Amino acid sequence: MTIIEILLRRRSCRRFLAREVDRETVEKLIKATLTAPSSKNTRSTRLAVITDRSVIERLGATRTHGTSFVSDAPLVILIMGDQAASDLWVENCAISATVLQLAAESLGLGSCWVHVNGRPHVDGQPEGMSAEEYVHSLAPQSARWRVECMVAIGYPAEEPRPRRETDDSDKVVFVE
Ligand SMILES: Cc1cc2nc3c(=O)[nH]c(=O)nc-3n(C[C@H](O)[C@H](O)[C@H](O)COP(=O)(O)O)c2cc1C
């Protein structure tokens, strides 16, 4: 598949087969993710590769909405940033997560970005525990880094929905 074919095919996948992702494939994903461009080449992105079932099951409760499917993923990768390494750690994380999702697609895996940074653990309770604090409590090894998102990964239990044709002409200007 060319990169354009991968871009056109990729959709968020939230249903996974109960098939584990082998170590060699995980290593390929890590290597690909760490090639992501970063501000001033600071390479501020940090990863936590999670295969522990009990941790993954509890990651499904990171937020009240939009995270429960994570519990059934065989693999979750936390995309984190070292704040001391770059003031643009969020941007660097976003690129890393995108590269990871495209690498996953190229290897026949499905994936979905699940947001963490700036969200409460419980909807409507912004003063309570943050989603990030909850994630750190489950993966204390990563507590020194900021968590932008997690990417749930696995072999897809469904075909990706075909992308709808949309009129995007209002999203682009040509300066000629
Ligand atoms: C910044 C960001 C945050 C997202 N957060 C979530 C999330 O918390 N839960 C979820 O199920 N999907 C999440 N997604 C996936 C989007 O819902 C998905 O990319 C979007 O609906 C477009 O669908 P597609 O990925 O199939 O093209 C997120 C995506 C991005 C880029």
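This structure is a prediction, so every number in the text was calculated from the model and none was measured. Atoms within each ligand, like the ligands themselves, are counted from 1 in listed order. In this chain, numbering begins with 1 at the start of the sequence shown.
Protein residues with a heavy atom closer than 4.0 Å to ligand 1 are Arg10, Arg11, Ser12, Arg14, Arg63, Gly66, Phe69, Cys112, Trp113, Val114, His115, Arg161, Arg163, listed by chain and number.
Summarising the geometry, atom OH belonging to Tyr134 is positioned 13.0 Å from atom CZ belonging to Arg63; distances are rounded to the nearest 0.5 Å.
A donor-acceptor pair is defined here as one N or O able to donate and one able to accept, closer than 3.5 Å; no such pair exists between the side chain of His136 and the backbone of Arg144.
Residues that satisfy the side chain to side chain donor-acceptor pair (under 3.5 Å) test with Arg146, not counting sequence neighbours, are Asn117, Glu132.
With no hydrogens or angles considered, a side-chain donor-acceptor pair links Asn92 and Ser44 at under 3.5 Å. With hydrogens and angles left out, the side-chain atoms of Glu57 and Ser71 include no donor and acceptor closer than 3.5 Å.
Side chains of Thr62 and Val114 form no contact here, defined as non-hydrogen atoms less than 4.5 Å apart.
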